[in-house]
**Q** 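The following block contains the structure, expressed as structure tokens.
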2 protein chains.
Amino acid sequence: MPLNLNLDRPIFVQIIEHIENDIVTGKYNSGDKLPSVRDLAAEAGVNPNTMQKALSDLEQTGLVHSERTSGRFITEDENMIKDLRTALIDMEIEDFFNNMKRLGFDEEQIIQLVEQFANK
Amino acid sequence: MPLNLNLDRPIFVQIIEHIENDIVTGKYNSGDKLPSVRDLAAEAGVNPNTMQKALSDLEQTGLVHSERTSGRFITEDENMIKDLRTALIDMEIEDFFNNMKRLGFDEEQIIQLVEQFANK
DNA sequence: ACTACTGTACTAATCACTTAGTACAATAAT
DNA sequence: ATTATTGTACTAAGTGATTAGTACAGTAGT
């Protein structure tokens with residue numbers, strides 16, 4: 001996967017979000033070993049340094065941890081993954097509502113527009 | 001308004017989005033004169049250079065135009081404003097659906113979650 | 001033992017964004 | 001006429017993101 005990179009936001013942030021998404025959606029499972037920094041960088045089409053920055057930042061959240069010379073692994077704490085999933089969903093919906101309100105809609109109108117879009 | 005600035009995206013991009021929002025929501029009307037670059041910069045709490053970059057970029061979309069020494073004005077083309085409003089709304093909803101699908105939901109579930117959030 | 005692979009660390013160079021500061025020409029207001 | 005305000009242009013400096021390149025220590029597989 002060449003990874004959808006947006007130039008107006010730091011690449012390492014987008015990588016973090018992408019990996020978080022892969023974890024909460026079960027693409028990676030609790031305890032799974034991640035590909036190496038170099039392989040992930042090659043897959044994503046970015047410099048290994050950029051990938052390492054993304055991973056070491058991600059590590060500080062506890063979501064992944066590295067074994068010095070054997071690889072990097074997803075946390076075994078399944079509750080942490082579940083909580084992150086909930087948090088990401090909440091943020092997504094909340095941001096959407098805020099953005100739509102900024103465009104002049106109230107909650108009732110937002111629901112209408114969403115239903116309308118789904119039945120496009 | 002001190003302007004909500006997010007450090008992980010270029011400030012001038014956020015300024016552009018903010019002004020676009022003010023235009024499509026009628027905070028600025030067609031033909032209105034904008035405050036000066038310096039005043040807008042002071043209000044937003046950014047450097048005048050940053051504000052000028054935002055405004056001159058915004059100008060290339062035709063949404064605003066500058067009269068060399070008398071000021072900067074919102075377009076008189078009300079259809080352009082209406083079209084931008086529609087485009088921004090569509091993009092917002094589409095992005096939301098894409099992000100939620102990436103989190104593993106289908107359209108039916110998205111609608112449910114949105115209704116649930118509104119009645120929180 | 002040897003080889004390949006792992007995460008990690010470091011320097012250097014480049015680029016975009018931001019800020020500070022200064023300056024100029026044209027219009028508006030007085 | 002004079003003054004203030006307008007958009008615009010320019011240089012210089014600082015910061016952060018990215019890339020390129022190199023290197024090292026520990027582990028796994030052979």
Side-chain angles (χ1 to χ4, degrees), chain A residues 1-20 22-23 28-29 31-76, chain B residues 1-20 22-23 28-29 31-76:
Chain A
M1 61 193 96
L3 203 46
N4 255 8
L5 290 182
N6 190 333
L7 288 181
D8 73 25
R9 285 166 66 228
I11 293 179
F12 77 94
V13 173
Q14 301 179 53
I15 292 174
I16 291 176
E17 293 173 352
H18 191 267
I19 296 179
E20 282 180 343
D22 283 352
I23 294 176
Y28 290 130
N29 289 316
D32 275 2
K33 180 179 178 179
L34 282 169
S36 75
V37 175
R38 294 169 179 82
D39 285 351
L40 282 174
E43 282 180 26
V46 301
N47 190 279
N49 296 331
T50 304
M51 182 58 68
Q52 184 181 350
K53 177 171 175 58
L55 290 173
S56 65
D57 279 19
L58 190 53
E59 198 149 333
Q60 291 180 336
T61 69
L63 202 60
V64 303
H65 59 94
S66 66
E67 302 304 324
R68 186 66 171 80
T69 58
S70 62
R72 210 178 231 105
F73 301 86
I74 309 295
T75 180
E76 284 82 8
Chain B
M1 61 195 95
L3 203 45
N4 256 8
L5 291 182
N6 190 332
L7 288 182
D8 72 26
R9 285 166 65 229
I11 294 180
F12 78 93
V13 172
Q14 301 179 53
I15 292 175
I16 291 176
E17 293 173 351
H18 191 267
I19 296 178
E20 283 180 342
D22 283 352
I23 294 175
Y28 290 130
N29 290 315
D32 274 3
K33 180 180 178 179
L34 282 169
S36 74
V37 175
R38 293 168 179 81
D39 285 351
L40 282 173
E43 283 179 27
V46 301
N47 190 279
N49 296 331
T50 304
M51 182 59 67
Q52 184 181 350
K53 176 169 175 60
L55 291 173
S56 65
D57 279 19
L58 191 52
E59 198 148 332
Q60 292 181 335
T61 68
L63 202 59
V64 304
H65 59 96
S66 67
E67 302 303 323
R68 185 67 171 83
T69 59
S70 64
R72 208 178 233 106
F73 301 86
I74 309 294
T75 180
E76 284 83 7

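Letters A, B, ... mirror the listed sequences (proteins, then strands); counts begin at 1.
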**Q** Checking B/R38 now: which residues fulfil side chain to side chain donor-acceptor pair (under 3.5 Å) with it, not counting sequence neighbours?
**A** none

**Q** For A/S56 and for B/V13, locate the closest nucleotide of DNA chain C by heavy-atom distance; then report the residue assigned to the nucleotide nearer the 5' terminus.
**A** A/S56

**Q** Using whole Å, report how far CG of A/L55 lies from C1' of C/dG7.
**A** 10 Å

**Q** Can you pull every protein N or O that's under 3.5 Å from an N or O on nucleotides 24-30 of chain D?
**A**
| unit_1 | atom_1 | unit_2 | atom_2 | d |
| --- | --- | --- | --- | --- |
| D/dT27 | O4' | A/T69 | OG1 | 2.7 |

**Q** Tell me the interatomic distance from B/H65, atom NE2, to D/dG7, atom C1', rounded to whole angstroms.
**A** 14 Å

**Q** Would you kindly give the CG-to-C1' distance between B/L7 and D/dA17, to the nearest whole Å?
**A** 14 Å

**Q** Give me each pair satisfying side chain to side chain donor-acceptor pair (under 3.5 Å) with a member in residues 49-58 of chain A, each pair once, sequence neighbours excluded.
**A** A/N47-A/N49

**Q** Return no unless some side-chain N or O of A/S66 is found under 4.0 Å from OP1 or OP2 of C/dT8.
**A** yes

**Q** Side chain of B/N47 only, please: which of C/dC17, D/dA9, C/dA20 is the nearest?
**A** C/dA20

**Q** Once side chain to side chain contact (heavy atoms under 4.5 Å, CB included) is applied, do any residues pair with B/N29, and if so which ones, sequence neighbours excluded?
**A** B/D32

**Q** Suppose we screen for salt bridge (charged side-chain N to carboxylate O under 4.0 Å, His left out). Which residues come up paired with A/R68, at least two apart in sequence or across chains?
**A** none

**Q** If I take atom CD from residue B/Q14 and atom CZ from residue B/R9, how far apart are they, to the nearest 0.5 angstrom?
**A** 5.0 Å

**Q** Test of understanding: with salt bridge (charged side-chain N to carboxylate O under 4.0 Å, His left out), list the residues that count as partners of A/E59, not counting sequence neighbours.
**A** A/R72

**Q** Side chain of B/R72: nearest nucleotide among C/dC17, D/dA20, D/dT8?
**A** D/dT8

